[in-house]
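Because the structure is predicted, anything quoted here is derived from the model rather than measured. Chain naming here is simple, since letters A, B, ... match the order of the sequence lines and numbering starts at 1 in each.
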2 protein chains.
Amino acid sequence: MKYSNQTRILVAVDSIVFGFDGSEYKLLLIQRGFAPEKEKWSLMGGFLQPEESLDEAAKRILKQLTGLQDIYLEELKSFSRPNRDPIERVIAVTYVALIDIKKYQQQINDDFHARWFPMKELPQLIFDHQEMVEIALNKLRYKAAFHPILFELLPDKFTLPQLQNMYEGLYNTKFDKRNFTRKVLSTNLLNKENDKDKLNSKKGAFYYSLDEKQYKDTLLSIQNFIPLTEING
Amino acid sequence: MKYSNQTRILVAVDSIVFGFDGSEYKLLLIQRGFAPEKEKWSLMGGFLQPEESLDEAAKRILKQLTGLQDIYLEELKSFSRPNRDPIERVIAVTYVALIDIKKYQQQINDDFHARWFPMKELPQLIFDHQEMVEIALNKLRYKAAFHPILFELLPDKFTLPQLQNMYEGLYNTKFDKRNFTRKVLSTNLLNKENDKDKLNSKKGAFYYSLDEKQYKDTLLSIQNFIPLTEING
DNA sequence: AATTATTAGTGTAATATATACATTTAATAT
DNA sequence: ATATTAAATGTATATATTACACTAATAATT
């Protein structure tokens with residue numbers, strides 16, 4: 001038994017994968033393997049299969065194309081303009097992924113054909129993928145202002161200057177170091193380690209790591225139409 | 001020319017339509033017109049048609065089922081569990097709509113079979129519609145804390161007590177009247193009218209209306225990992 | 001006409017948060 | 001020993017948020 005007189009449509013999943021290498025933001029792209037637009041640069045995409053949800057499809061595709069697993073992934077929005085794909089109608093549901101570039105660099109380069117592009121030097125993308133990236137970047141800026149999601153882009157151990165660089169890069173601005181440090185530390189998200197990163201300065205900067213429990217709690221809370229105590233509890 | 005070896009899937013649009021009648025929040029539901037679950041209560045839903053985008057489908061379906069037009073509509077998320085519909089696979093993209101109940105009450109009751117249910121007295125809903133409503137409500141609470149979207153629920157002229165009731169209802173709490181008034185007026189969103197609402201009190205409360213220009217600007221701004229000046233400009 | 005009841009409307013002081021701003025410290029290189 | 005570089009740190013001011021209670025306007029009642 002089926003629904004009659006209704007049109008069935010191809011459903012694709014496309015993931016906007018952001019990374020940060022310590023100094024700049026990058027986007028992971030792949031050369032499309034089939035026509036049309038074969039060999040052109042594309043987001044990490046594929047078709048939804050019969051027995052999987054969209055979340056599962058996004059994970060599967062990311063793994064197939066890059067080997068990446070256990071990655072931060074969140075639905076962004078759907079794209080459904082009737083002629084967005086010239087071959088036949090395809091609606092795309094997009095996801096945003098955040099990863100620590102260095103953690104997987106070897107793997108991505110060696111085994112797959114995905115490549116990181118600096119956000120300021122993106123190639124032409126297929127279909128409406130450019131628009132997807134712009135919307136994803138705006139959402140990342142929005143969300144990161146309220147939730148500590150950018151930590152997904154950092155290695156397990158990172159320094160305060162690295163953290164500040166990452167925030168400054170996203171908003172294209174400079175913050176006062178003292179104020180930034182105070183604000184970040186006041187969240188209790190960070191545990192200070194005993195060792196220092198000596199690669200980037202003579203003095204060396206102490207490493208910090210995420211307090212995982214605090215992180216999970218803080219991810220859901222927010223920081224104003226409503227007294228904040230009502231929202232954050 | 002088509003993509004080969006791929007499964008095409010039915011795509012539905014379901015809209016969670018919230019209203020506020022001055023004292024409580026309500027949800028607009030309709031009795032499903034076809035099997036399965038015929039006559040059961042459902043969100044405003046329908047299938048995506050070949051020549052329309054999802055946004056257009058959401059608008060069309062809302063108009064067909066309720067006569068409503070020019071309504072606040074925003075994509076929520078997709079729902080794609082393989083067996084969410086017992087007949088055949090259907091993925092659903094959901095939208096949230098906000099409307100002033102009174103403005104359309106007559107129209108909805110007379111010409112259509114949609115009905116408003118108080119949020120605390122919802123009937124059983126088909127499929128995963130209950131989950132959709134919960135997620136939509138959470139998102140509304142989240143977004144309304146930063147953006148003045150709840151004004152969509154109010155008539156063109158409203159009083160400060162009505163406005164406060166609406167906010168208190170959503171967060172299930174009480175605010176201090178002086179602080180709330182000060183905060184709302186400091187946004188410059190409101191223009192004071194010369195007449196009063198005399199229905200709800202002896203003294204009468206002055207009407208206010210939205211400053212449309214200010215409203216459009218404020219909708220996009222937000223109000224804390226990042227100094228707010230960076231975001232709001 | 002006077003009294004009562006009801007809800008609207010308003011200000012101030014205390015606290016918390018955010019911002020602006022410059023010097024000292026640790027380590028390496030010369 | 002000195003110079004260089006970047007990390008680390010504190011205080012004063014401004015702004016925003018919160019807590020709190022009385023007066024004003026009107027309709028209903030006597």
Atom [atom1] of [X] and atom [atom2] of [N]: how far apart are they, to the nearest Å?
| X | N | atom1 | atom2 | result |
| --- | --- | --- | --- | --- |
| F180(A) | dA20(C) | CZ | P | 16 Å |
| Q162(B) | dG9(C) | CD | P | 11 Å |
| L160(B) | dT10(C) | CG | P | 9 Å |
| N165(A) | dA7(D) | CG | C1' | 13 Å |
| F206(B) | dT7(C) | CZ | P | 18 Å |
| N200(B) | dT26(D) | CG | C1' | 14 Å |
| K183(A) | dA16(C) | NZ | P | 18 Å |
| L185(A) | dG10(D) | CG | P | 12 Å |

Check whether the side chains of T187(B) and Q214(B) place a donor and an acceptor atom closer than 3.5 Å, and report yes or no.
-> no
Fit a plane to each ring of F20(B) and Y25(B), take the angle between them on a 0 to 90° scale, and name the class: parallel (under 30°), tilted (30 to 60°) or perpendicular (over 60°).
->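 Geometry flag for Y25(B) against F20(B): tilted rings.
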Return the orientation label for the Y167(B) and Y171(B) ring planes: parallel under 30°, perpendicular over 60°, tilted otherwise.
->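 Plane angle under 30°, so parallel.
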Residue closer to the 5' end of DNA chain D, T181(A) versus K198(B) (nearest nucleotide) = T181(A)
Before accepting this row, confirm whether a basic side-chain N of the pair K213(A)/D217(A) lies closer than 4.0 Å to the acidic partner's carboxylate O.
->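 Salt bridge present between K213(A) and D217(A).
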Distance col, row R115(A):CZ vs L29(A):CG, nearest 0.5 angstrom, shows 9.0 Å
Taking the side chain as every heavy atom from C-beta outward, state whether Y208(A) and L185(A) have any atom pair closer than 4.5 Å.
->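 Yes. Closest side-chain heavy atoms under 4.5 Å.
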Below 3.5 Å, does any donor atom in the side chain of K202(A) face an acceptor in the base of dA6(D), or the other way round?
->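 Answer no: no donor N or O sits under 3.5 Å from an acceptor.
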Any donor-acceptor pair under 3.5 Å joining the side chain of K203(B) to the base of dA8(C)?
->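 When only heavy-atom distances are counted, K203(B) does reach the base of dA8(C) through a donor-acceptor pair under 3.5 Å.
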Under 3.5 Å, side chain of E75(A) to main-chain N/O of K77(B), donor-acceptor pair present?
->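 No: the side chain of E75(A) does not pair with the backbone of K77(B).
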Can you name the atoms? Protein N/O to nucleotides 19-22 of chain D N/O, anything below 3.5 Å, with the distance.
from    : atom 1 : to      : atom 2 : distance (Å)
dA19(D) : N7     : N179(B) : ND2    : 2.9
dA19(D) : N6     : N179(B) : OD1    : 3.2
dC20(D) : N3     : R178(B) : NH1    : 3.4
dC20(D) : N4     : D176(B) : OD2    : 3.2
dC20(D) : N4     : R178(B) : NE     : 3.1

